[in-house]
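First comes the structure, then the notes that go with it.
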Amino acid sequence: MGTASLVPRICNRRSNWVACRGYTRLSPDRTARRHVGKVIPGLVLALLLVCAGCSENISTSKGDTAKPTTEPAPSGAVVEYRSLNDTQQSAFRDALQSEVSFHPDVPYINESRGYDSQADDPFLVHDYVRYDGALYQVRTERGELYASYSLRASIGSPPNQSTVVGFDSLPDRIRDEVRTAITDGGYHAPFGKWDSLPEPLGDTEYIRYGNRTHEMRYIVGDAYETVLTVEEVE
């Protein structure tokens, strides 16, 4: 047989290649199907008998319906409850009732809200916990965002037209922190102490303290709260 002389312009994977748009002739395969369609009656009868036998075999089967099975969780994704430390076990048991959170362990964050963020590791790297003979799926997501701030001070010479702020003109609420940054070289505000960098620090590049001018730098660190939920696998 010869080959079709035209190439299809548009075709999708589901359609047979001979049915794609762009053809103006039948391909050899389609022509062959037309010849096969002229089957002798005896052959049709034989095929019907074979199919009838298949139908009978199916109808006489037990008729059991296949039930979907839950594949066991991969061993690498499961952590045993007994391998958790006391804090992690307590957090897991609490999560059986409602979601729990892990956050930085600092005095500026209410400890009653949850657990130390250092305890969330096994729930971040495992998908399941095996507890009391049952398997529980664990899910984690980001919760509240906490920020920490560091102030760095070094003696500097401001360029022309730079604004220099006198230490005494700073608000009382941040003078101690700025003084520590200048005298000790730096100050760190832990997570939860400040919701944002106090004004006017963000816009202040130079502070005059005593007889010297100090260049200020500000470093921000972020930490998300981890929220844990637990659900038993049926």
Side-chain angles (χ1 to χ4, degrees), residues 79 83-127 129 138-230:
V79 61
S83 69
L84 303 176
N85 62 35
D86 291 343
T87 300
Q88 293 160 350
Q89 289 182 357
S90 177
F92 175 81
R93 293 194 304 270
D94 285 348
L96 293 174
Q97 307 300 323
S98 62
E99 66 179 30
V100 299
S101 62
F102 300 85
H103 53 69
D105 184 16
V106 292
Y108 300 100
I109 300 176
N110 189 347
E111 294 183 359
S112 64
R113 293 192 54 186
Y115 294 87
D116 182 1
S117 58
Q118 300 298 321
D120 65 0
D121 286 348
F123 307 115
L124 295 176
V125 299
H126 296 89
D127 298 320
V129 174
V138 296
R139 296 184 177 89
T140 58
E141 61 182 14
R142 287 181 173 181
E144 186 173 344
L145 175 64
Y146 298 100
S148 66
Y149 299 89
S150 294
L151 313 183
R152 297 288 186 266
S154 59
I155 296 175
S157 299
N160 293 334
Q161 299 181 347
S162 296
T163 300
V164 179
V165 177
F167 177 81
D168 293 337
S169 66
L170 295 174
D172 292 341
R173 68 181 186 277
I174 60 173
R175 285 185 185 178
D176 289 343
E177 290 81 355
V178 173
R179 182 186 292 108
T180 300
I182 291 175
T183 57
D184 296 349
Y187 170 81
H188 178 72
F191 291 107
K193 179 175 181 177
W194 292 337
D195 293 333
S196 61
L197 189 65
E199 296 180 355
L201 293 183
D203 299 324
T204 302
E205 295 185 33
Y206 296 92
I207 294 178
R208 185 75 175 175
Y209 181 78
N211 297 323
R212 293 183 175 181
T213 299
H214 299 264
E215 182 179 4
M216 304 297 298
R217 292 181 294 121
Y218 311 99
I219 303 171
V220 181
D222 292 334
Y224 280 96
E225 182 181 59
T226 298
V227 179
L228 170 68
T229 56
V230 173

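Positions are given from 1, in the same order as the sequence printed here. Computed from a prediction, not measured in an experiment: that's the story for all the values here.
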### Query
For Val220 and Leu197, what are the C-alpha separation, side-chain angles and deciding distance, and is it a side-chain contact (heavy atoms from CB on, under 4.5 Å)?
CA-CA 9 Å; Val220 181; Leu197 189 65; 5.9 Å; no

### Task
Output, in order, the C-alpha distance, side-chain angles, deciding distance and verdict of side-chain contact (heavy atoms from CB on, under 4.5 Å) for Tyr115 and Asp94.
CA-CA 11 Å; Tyr115 294 87; Asp94 285 348; 2.4 Å; yes

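By the 4.5 Å heavy-atom criterion applied to side chains, Pro200 and Ile174 are counted as neighbours. Under the 4.5 Å side-chain criterion, counting only non-hydrogen atoms from C-beta, Val230 is not in contact with Val129. A heavy-atom distance below 4.5 Å is found between the side chains of Phe123 and Phe102. Between Ser148 and Ile219, every side-chain heavy-atom pair lies at or beyond the 4.5 Å cut-off.
Note that OH of Tyr218 is 4.5 Å distant from CG of Leu201, once rounded to the nearest 0.5 Å. Residue Asn85 holds its CG atom at 3.5 Å from CD of Gln88, rounded to the nearest 0.5 Å. Here the straight-line distance linking atom CD of Glu144 with atom CD1 of Ile109 works out to 7.5 Å at 0.5 Å rounding.
With sequence neighbours left out, Asp127 forms a side chain to side chain contact (heavy atoms under 4.5 Å, CB included) with Ala77. With sequence neighbours excluded, the residues that form a side chain to side chain contact (heavy atoms under 4.5 Å, CB included) with Val227 are Glu99, Glu141, Glu225. With sequence neighbours excluded, the residues satisfying salt bridge (Lys or Arg N to Asp or Glu O under 4.0 Å) with Arg139 are Glu231. Residues meeting the side-chain hydrogen bond (donor to acceptor under 3.5 Å, both in side chains) test with Thr226, sequence neighbours left out: Asp120. Taking the side chain to side chain contact (heavy atoms under 4.5 Å, CB included) definition, one finds that Arg212 meets it with Ile155, His214, sequence neighbours left out. The side-chain hydrogen bond (donor to acceptor under 3.5 Å, both in side chains) search around Thr87 returns none, not counting sequence neighbours.
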Considering only distance and modelled atom types, tabulate donor-acceptor pairs under 3.5 Å from the side chains of residues 180-193, sequence neighbours left out.
residue	atom	partner	partner atom	Å
Thr180	OG1	Asp176	O	2.9
Thr183	OG1	Arg179	O	2.8
Tyr187	OH	Lys193	NZ	2.5
His188	ND1	Ser150	OG	2.9
Lys193	NZ	Glu177	OE2	3.1

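Among pairs with a residue in residues 194-210, those fulfilling side-chain hydrogen bond (donor to acceptor under 3.5 Å, both in side chains) read Arg208-Thr213, at least two apart in sequence or across chains. Applying the side-chain hydrogen bond (donor to acceptor under 3.5 Å, both in side chains) test to residues at least two apart or on different chains, the pairs with a partner in residues 162-173 are Asp172-Arg175. Residue pairs meeting the salt bridge (charged side-chain N to carboxylate O under 4.0 Å, His left out) criterion with at least one member in residues 149-161, sequence neighbours excluded, do not occur.
Considering all non-hydrogen atoms of both residues, Val164 and Ile207 come closest at CG1-C, 4.4 Å.
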